[in-house]
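As structure tokens, the structure follows; a few thoughts come after it.
In what follows, every heavy atom counts, from backbone to side chain, and hydrogens, waters and symmetry copies are set aside. Numbers restart at 1 for each chain; the letters A, B, ... are given by sequence-line order, proteins then strands.
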Number of protein chains: 2
Amino acid sequence: MFSDLTDPILKSAAEMPLVPIDRQTSLGELAYASLKEAIVRGEFSAGQKLTVRAVAQALEVSTTPARDAIMRLIGEGALVNAGPKTVIVPPLTKAALDEVTAIRLVLEALAAKIAAANISPETIDRLKTLQSQINSALDAGNYSAALKANKAFHFLIYQTANMPRLTAMIESLWVRIGPSLNDLYPEFATSRVGVSNHMEAIAGLESRDAARVQAAIEKDIRDGYRRLATRVG
Amino acid sequence: MFSDLTDPILKSAAEMPLVPIDRQTSLGELAYASLKEAIVRGEFSAGQKLTVRAVAQALEVSTTPARDAIMRLIGEGALVNAGPKTVIVPPLTKAALDEVTAIRLVLEALAAKIAAANISPETIDRLKTLQSQINSALDAGNYSAALKANKAFHFLIYQTANMPRLTAMIESLWVRIGPSLNDLYPEFATSRVGVSNHMEAIAGLESRDAARVQAAIEKDIRDGYRRLATRVG
DNA sequence: ATTTGATATTTGATGCAACAAATTTGTTGC
DNA sequence: GCAACAAATTTGTTGCATCAAATATCAAAT
């Protein structure tokens, strides 16, 4: 890895294919990723309290990285303060779901629209592969894998829009409803409404029909909303 | 203050007028607010490095609150990592401005649309007051005050939508372009293009015409974009 | 039983020292 | 001048002790 950096053929830094100078892999970063994934997977029940020391002990790190992770997730809305010294996994209220859905509709529609203009055949192939993975997971009753593949499907589209800030904002919205998505099993697994929306999105991307892709994504979000709404209302 | 809490007439907690359990005023919170305001005011030149110890010393706190503030602003995109140990105020590139503007258009349009349905006469009065403050500030050549009143004007509308998560997301977008807005002086002060858009927004709110308000806000954003684009392109 | 109030425990915030890693600086060579 | 390399400095990270404040616990009273 990165052996090409010393390749004499490389003339200037401007020619380098990618320079995503992201955050380094610190303990705080790992704690954040680990805690976030646990939240999205629904490992914590809504309203459960999280303390710095408890997280630190569970992750076998000191309080500093644990505190970093918690504070960062609070900033993203994945955790909330229920009191001055009380951090909980926020229950998904109807009001929160409505608001997040309204934002998702405009943000993901925007990403889908722009993605339609930037789509490549390779990406379409990968989308089809991901969709087959979703189908396989549903067939096998592996709901967790289906959710993961579903997320990968959506974000592969959004990343195609080449708008990293937009993608990050959408991701923060997904984290807020992720835990509740896990509660939907096995309803989601049996209904499979999302499949047709995904196929429609792929068809729209293939024909570079931005409006069609946008409509498919919006319908997918609305279909998901209806299921979630029954659980929080 | 709060003497009513012991008032025997108060039957239940549900009758209490306000319980906005927000974050407490910790040093980290103050450091965050102080640093963010400094960034928005354009006190730092684009690309300027920020170190934990420098911020800590400037704010006369230890490294922990300073680090909290910096990390939080990185999470919001107000600061970025230019290297593993290098945090800078991000220069507003054309690509970033385009992306932020595209997101602002859909997010602030959404907020404006919903605000039109929730608007009250009192809020309209406050908007008119804010607009007169903007005009006064421009007359007096107080560009900083005009910017502040302009922000208050927009966010009073957005808060009317009663979508706190949406408002927070919009706020994070404003922080990213805030520094560059200050560089626009005195162009903004002389042109006054925003005034007509604001009047149009007020008129739309008064007649509860959601589409009209939305169009006015969108035009305001686009007008601002054109000015900023000349500075970053 | 439920609520109130006092007590005890837990908790986040803060400061700071130590360390590893990155950045800066200085130097040498061309 | 300028690039490459090495030394010196700076810097973020991490762990932890301490403290004030918040939360939890429990007893007493209504």
Side-chain angles (χ1 to χ4, degrees), chain A residues 2 5-8 10-14 19-35 44 47-75 79-89, chain B residues 2 5-16 19-35 44 47-75 78-89:
Chain A
F2 291 135
L5 290 182
T6 56
D7 191 331
L10 229 49
K11 300 289 167 41
S12 71
V19 265
I21 300 179
D22 274 335
R23 299 171 181 239
Q24 67 274 29
T25 58
S26 60
L27 282 182
E29 195 73 18
L30 298 176
Y32 163 76
S34 181
L35 185 54
F44 303 104
Q48 180 168 350
K49 273 179 302 198
L50 288 184
T51 66
V52 171
R53 286 170 177 83
V55 171
Q57 187 175 351
L59 298 179
E60 294 182 345
V61 294
S62 78
T63 58
T64 306
R67 186 168 170 272
D68 286 349
I70 291 178
M71 290 189 69
R72 197 161 151 195
L73 287 166
I74 290 175
L79 295 174
V80 297
N81 284 105
K85 289 195 175 185
T86 307
V87 176
I88 65 171
V89 179
Chain B
F2 292 135
L5 291 182
T6 56
D7 190 331
I9 295 182
L10 229 48
K11 298 289 166 39
S12 69
E15 295 184 30
M16 285 218 247
V19 265
I21 299 179
D22 273 335
R23 297 174 181 239
Q24 67 275 27
T25 56
S26 61
L27 282 182
E29 195 73 18
L30 297 176
Y32 163 76
S34 182
L35 185 54
F44 303 104
Q48 180 169 348
K49 273 179 304 198
L50 288 185
T51 66
V52 171
R53 285 169 177 84
V55 171
Q57 186 174 351
L59 298 178
E60 294 182 346
V61 295
S62 78
T63 58
T64 305
R67 186 167 170 271
D68 287 348
I70 290 178
M71 290 188 71
R72 197 162 152 196
L73 288 166
I74 290 175
L79 295 175
V80 297
N81 284 105
K85 290 195 175 185
T86 308
V87 176
I88 65 170
V89 179

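Regarding Asn81(B), its CG atom lies at a distance of 10 Å from the C1' atom of dG12(D), rounded to whole Å. Atom CZ in Arg67(B) sits about 14 Å away from atom C1' in dA13(C), given to the nearest Å. The separation between Asp68(A) atom CG and dT14(D) atom C1' is 9 Å, rounded to whole Å. Distance Leu30(B) CG to dA13(C) C1': 12 Å, rounded to the nearest Å. Here dG15(C) presents its C1' atom at 10 Å from CG of Leu27(B), a figure rounded to the nearest Å. Rounded to an integer number of Å, the gap from Arg72(A) CZ to dT13(D) C1' is 14 Å. If you take NZ of Lys85(A) and C1' of dA22(D), they are 6 Å apart, rounded to a whole angstrom. One atom, CD1 of Ile88(B), and another, C1' of dG12(D), lie 16 Å apart when rounded to the nearest Å.
Applying the side chain to side chain donor-acceptor pair (under 3.5 Å) rule to pairs touching residues 59-71 of chain B yields Arg67(A)-Asp68(B), Asp68(A)-Arg67(B), sequence neighbours excluded.
Taken together, the paired segments of DNA chain C that extend over three or more consecutive Watson-Crick or G-U pairs, each closer than 3.5 Å at both contacts, are C:1-30 with D:1-30.
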**Message:** As a quick check of understanding, evaluate side chain to side chain contact (heavy atoms under 4.5 Å, CB included) for Leu35(B) and Leu50(B), giving each step before the final call.
**Reply:** CA-CA 10 Å; Leu35(B) 185 54; Leu50(B) 288 185; 4.3 Å; yes
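Under the 4.5 Å side-chain criterion, counting only non-hydrogen atoms from C-beta, Thr51(A) is not in contact with Val87(A). With a 4.5 Å cut-off on side-chain heavy atoms, Lys49(B) and Lys85(B) do not count as touching. No side-chain heavy atom of Leu59(A) sits under 4.5 Å from any side-chain heavy atom of Pro65(A).
For DNA chain D, the neighbouring residues in residues 49-60 of chain A, judged by any heavy atom under 4.0 Å, are Lys49(A), Arg53(A).
For Ser62(A), taking side-chain heavy atoms from C-beta onward, the closest of the listed nucleotides dG15(C), dA13(C), dG15(D) is dG15(D).
Taking both residues in full, the closest heavy atoms of Ala69(B) and Gly28(B) are given as CB-O, 4.4 Å, listed atom of the first, atom of the second, then distance. Ala82(B) and Ile88(B) make their closest contact through CB-CD1, 3.8 Å (heavy atoms, listed as atom of the first residue, atom of the second, distance).
Remark: Thr86(A) is in phosphate contact with dT23(D), judged by side-chain N or O atoms under 4.0 Å from OP1 or OP2.
Within 3.5 Å, no donor on the side chain of Thr63(A) pairs with an acceptor on the base of dG15(D), nor the reverse.
Along DNA chain C, the nucleotide closest to Thr64(A) and the one closest to Val87(A) are compared, and the more 5′ of them pairs with Val87(A).
Distance check: Leu79(B) CG to Gln48(B) CD gives 10.5 Å after rounding to the nearest 0.5 Å.
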